Amino acid sequence: MIMALVRATLARSHLPSACRLPTLFFRRQMSETPQLTASISRLRQSGLLKTQGLIGGKWVDAYDGKTIEVQNPATGELIASVPCMGKTEAADAISSAYSTFSSWSKLTANDRSKRLRKWYDLLLSHKDDLALLITLEQGKPLKEALTEVIYGANFIEFFAEEAKRIYGDIIPPTLNDRRLLVFKQPVGVVGAITPWNFPLAMITRKVGPALASGCTLVIKPSELTPLTALAAAELALQAGIPPGALNVVLGNASEIGDALLESTQVRKLTFTGSTAVGKKLMSGSANTVKKVSLELGGNAPCIVFDDADIDVAVKGTLAAKFRNSGQTCVCANRILVQEGIYEKFADAFSKAVQNLQVGNGLEDGVAQGPLINEAAIEKVERLIKDATSKGANVMFGGKRHSLGMTFYEPTVIGNVNNEMLLCREEVFGPVAPLLRFKTEEEAIHMANDTNAGLAAYIFTQSMPRSWRVSEALEYGLVGVNEGSISTEVAPFGGVKQSGLGREGSKYGIDEYLEVKYVCFGNIKEL
Ligand code: NAP
C-alpha cells in the first residue's frame with residue numbers, strides 16, 4: 001500500500017486540462033542528480049532552456065504568475081517550471097499572430113523559404129541539445145530522440161523548399177472573353193495543439209507548411225513536454241522568423257483551446273492527439289467554421305502471413321511496436337499472425353523482445369524508456385488484466401519493471417482476440433498482443449474491424465497478396481515488409497476516426513492554403 005502510494009506520487013500526475021499542482025512531496029525530498037545538474041547547465045549554456053511562453057516575439061510569464069513543473073519521467077526530478085497560461089495569454093498570442101499575418105504572408109516565397117532553411121540549419125546544429133531535452137522531458141532513449149530531431153527538422157527543410165512551389169492554375173475558359181485563374185493563398189492564423197510523444201516533430205510537421213504558405217501560428221504544446229517546443233521557437237527567432245509569426249502558449253489546455261476555437265481571427269485548427277479531444281475540438285470549430293486538420297489515435301494491425309520472411313517480420317514488428325516504448329499513434333496495436341507461422345513467430349519475437357534493455361534514456365544501450373506518466377501505466381495494467389481474465393496468456397513481461405517509476409516490462413501476450421479491450425483501445429505502451437488467424441479474408445476483416453484507420457503493416461513475400469491486402473486495408477498508411485515508414489516526403493494521416501487531412505509531403509501544404517478562383521471578364525479579343 002505504502003509502495004503503491006510512493007510510486008503513484010513519484011510518477012507524474014496527469015490532470016489534462018488544468019495546471020498541475022506545483023509540487024510533489026517525494027520529489028521535493030530528492031536532491032538533483034549530478035546527471036541532471038550537468039544536463040541543465042549544458043542546456044542553459046546553449047541558450048535552449050527557455051522557461052517562458054512566447055507572445056509577439058517576447059518571452060513572457062503567465063500574467064498571474066502561475067507555473068507548471070516539468071519533470072523527467074525517468075527519475076521524477078524537476079527539470080524546470082514553465083508558465084501556466086490561460087485565456088488571456090492565448091488571446092494576446094492570437095492578436096499577435098493576426099497582426100503579423102499581413103506582413104509575413106506578403107514576403108516573397110523565396111524570403112520565407114530562406115528563413116525556414118536557416119531554422120532547419122539551426123535545428124540540426126543544435127541536434128544534440130534538442131535530443132537531450134526530448135529525453136529529459138519525454139523519456140525516450142537519446143538515440144531515438146536524436147532521430148526525432150532529424151525527422152522533425154526535415155519537415156522544416158522540406159517545406160522551405162515547398163514554399164516556392166505553391167502553384168495555382170489557369171483554366172481554359174468557357175467563354176472567349178474570359179480568363180479563369182486559380183490562386184492559392186494562406187489560410188491565415190493557425191492554432192496548433194500538439195501531444196507529448198513527439199515533442200518536436202509533431203510541431204514542425206504543422207509549423208513548417210503553415211509558415212511556408214504564409215500563415216502565422218499560435219502553438220500549444222503538451223504541458224508534459226513544453227521545453228522542446230520553446231527551444232525550437234527560440235531557434236526560429238534566431239533564424240529570422242519574425243516576432244509574432246510563431247507564438248507559444250502553454251498551460252491550461254481547455255482554456256487555451258477554447259480561446260483558439262472561439263476566435264474568429266483563428267481560421268484553422270490543427271491538432272495531434274487523442275481521438276476524444278480531437279472530437280471536442282472538431283465540434284468546437286463548428287461555430288466559427290474553421291478549417292480543421294486532425295491527427296488522432298490509431299489501432300494499427302500488423303499482419304504476419306505464413307509466407308513472410310520471419311526475420312524481416314520480427315524486425316519490422318519490433319520496430320512498429322516498441323518505438324518510443326509503444327507510445328506512438330502508428331505503433332502496432334494488434335499483431336495478427338497466420339496459424340501456420342504463429343508458434344515460430346511468437347517464439348522468435350518473444351526472444352527479440354527479451355533483448356530490449358529498459359532504463360533511463362540517457363544511459364547507453366537503453367532501448368525502452370519509461371511511460372509518460374502514472375495514468376499511462378495504469379491503462380496498460382487495466383488492458384492486460386482484461387485480456388488475461390478472458391483467456392490471454394502473458395508470454396513475456398506483463399508487469400511494472402523493477403526500476404520503479406513508470407517503467408514497464410516489454411511484454412508479449414498470446415491468445416488474444418479482437419474483442420478484448422487490448423484490441424479495442426490504443427494500449428500506448430510496450431505491450432504486443434498476438435492474435436491468430438486462418439485466411440487472408442479473415443485477417444483483412446479483423447484488421448478493419450475498428451473505428452481507427454491510421455497505420456497498418458503487412459509481412460508477406462507474395463507480391464499479389466501485398467497488393468491485394470494493402471488495397472483492402474482501410475488505413476491511411478500501410479507498411480509492406482517494413483515497420484518504420486514515417487518520412488517527411490510521404491503523406492501522413494488517417495481515415496475513419498483517426499483523423500482528417502494529411503501532414504508532410506506535397507499534400508501537407510494544401511491544409512494551410514485556400515483555393516481562390518478569379519474570373520477576368522470582358523477581355524477584348526484582338
Ligand atoms: P491528448 O490528451 O489528446 O493531448 C493532446 C494535446 O491536446 C495536448 O497538448 C493537450 O494538452 C491538449 N488538450 C487536452 N485537452 C484539451 C482541450 N480540452 N482543449 C484543447 N487542448 C486540449 O493526447 P496525448 O495523450 O497528449 O497524446 C496521445 C494521443 O495522440 C494518442 O491517442 C496518439 O495516438 C495521438 N497521436 C496521434 C498522432 C497522429 O499523427 N495521428 C501522432 C501522435 C500522437 P495537455 O497535454 O497540456 O493537457
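Both counts, for ligands and for their atoms, begin at 1 and track the order of listing. A quick note: this is a predicted structure, and the numbers were derived from the prediction, not measured.
In this structure, a donor-acceptor pair under 3.5 Å is absent between the side chains of Asn197 and Thr328.
Taking distance alone, with nitrogen or oxygen atoms compared against 3.5 Å, Glu223 approaches ligand 1 more closely than that limit. An N or O contact shorter than 3.5 Å links Ser274 to ligand 1 by distance. Between Thr272 and ligand 1, not a single N/O pair is under 3.5 Å apart. Remark: ligand 1 and Leu296 share an N or O pair separated by less than 3.5 Å (distance only, no angle test). Residue contacts with ligand 1: Ser498 is placed with no nitrogen or oxygen under 3.5 Å of a nitrogen or oxygen of the ligand (distance criterion only). Close N/O approach between Thr194 and ligand 1 is found [any backbone or side-chain N/O within under 3.5 Å]. The N/O atoms of Gly257, backbone and side chain alike, include none that comes under 3.5 Å of an N/O atom in ligand 1. Considering backbone and side-chain atoms together, Lys280 places no N or O closer than 3.5 Å to any N or O of ligand 1.
No side-chain heavy atom of Pro195 sits under 4.5 Å from any side-chain heavy atom of Ser222.
Proximity of Phe198 to ligand 1 is not established, as no heavy-atom distance is less than 4.0 Å. Contact annotation: Leu224 has no heavy atom less than 4.0 Å from any atom of ligand 1. The closest approach between Arg205 and ligand 1 falls below 4.0 Å for a heavy atom of the residue.
Remark: Lys50 NZ is packed, more than 12 non-hydrogen atoms of other residues, nucleotides or ligands lying under 6.0 Å away. In Lys127, the NZ atom is not crowded: 12 or fewer heavy atoms of neighbouring residues, nucleotides or ligands sit closer than 6.0 Å.
Close approach of ligand 1 to Met202 (heavy-atom distance below 4.0 Å) involves ligand atoms 42 (C), 43 (C). Counting atoms of ligand 1 from 1 in the listed order, those under 4.0 Å from a heavy atom of Phe428 are 28 (C), 31 (C), 33 (C), 34 (O). For ligand 1, the atoms closer than 4.0 angstrom to any heavy atom of Phe492 are 39 (C), 40 (O). Interface atoms of ligand 1 facing Leu454, defined by a heavy-atom separation under 4.0 Å, are 41 (N).
Among Ala300, Gly273, Cys331, the residue whose heavy atom sits closest to atom 29 (C) of ligand 1 is Gly273. Between Pro195, Ala229, Ala201, Ala253, it is Ala253 that holds the heavy atom closest to atom 21 (N) of ligand 1. Taking each of Leu281, Asn197, Ile193 in turn, the one with a heavy atom nearest to atom 43 (C) of ligand 1 proves to be Asn197. The closest heavy-atom contact to atom 46 (O) of ligand 1, among the options Ser222, Ala192, Gly298, comes from Ser222.
Under the rule for a side chain to side chain contact (heavy atoms under 4.5 Å, CB included), the partners of Tyr98 that lie at least two apart in sequence or sit in another chain are Val189, Gln265. With sequence neighbours excluded, the residues satisfying ring-ring contact (aromatic ring centres under 6.0 Å, His included) with Phe349 are Phe345.
Taking 4.0 Å as the cut-off between side-chain N and carboxylate O, Lys496 and Glu474 count as a salt-bridged pair. Using a 4.0 Å cut-off between charged side-chain N and carboxylate O, Lys87 and Glu255 make no salt bridge. The existence of a salt bridge linking Glu161 and Lys506 is excluded, since no basic side-chain nitrogen approaches an acidic carboxylate oxygen closer than 4.0 Å. Remark: Arg205 does not engage Glu148 in a salt bridge, criterion side-chain N to carboxylate O under 4.0 Å. Checked for salt-bridge contact, Lys390 and Glu419 miss the test: no charged N lies under 4.0 Å from a carboxylate O. A salt bridge links Lys206 with Glu503; the closest basic N to acidic carboxylate O contact falls under 4.0 Å.
Contacts of Gln327 with ligand 1, taken as heavy-atom pairs under 4.0 Å, are absent altogether. Residue contacts with ligand 1, taken as heavy atom pairs separated by less than 4.0 Å, do not involve Glu503 at all.
Here the two rings, on Phe155 and Trp119, have centers that are 6.0 Å apart or farther.
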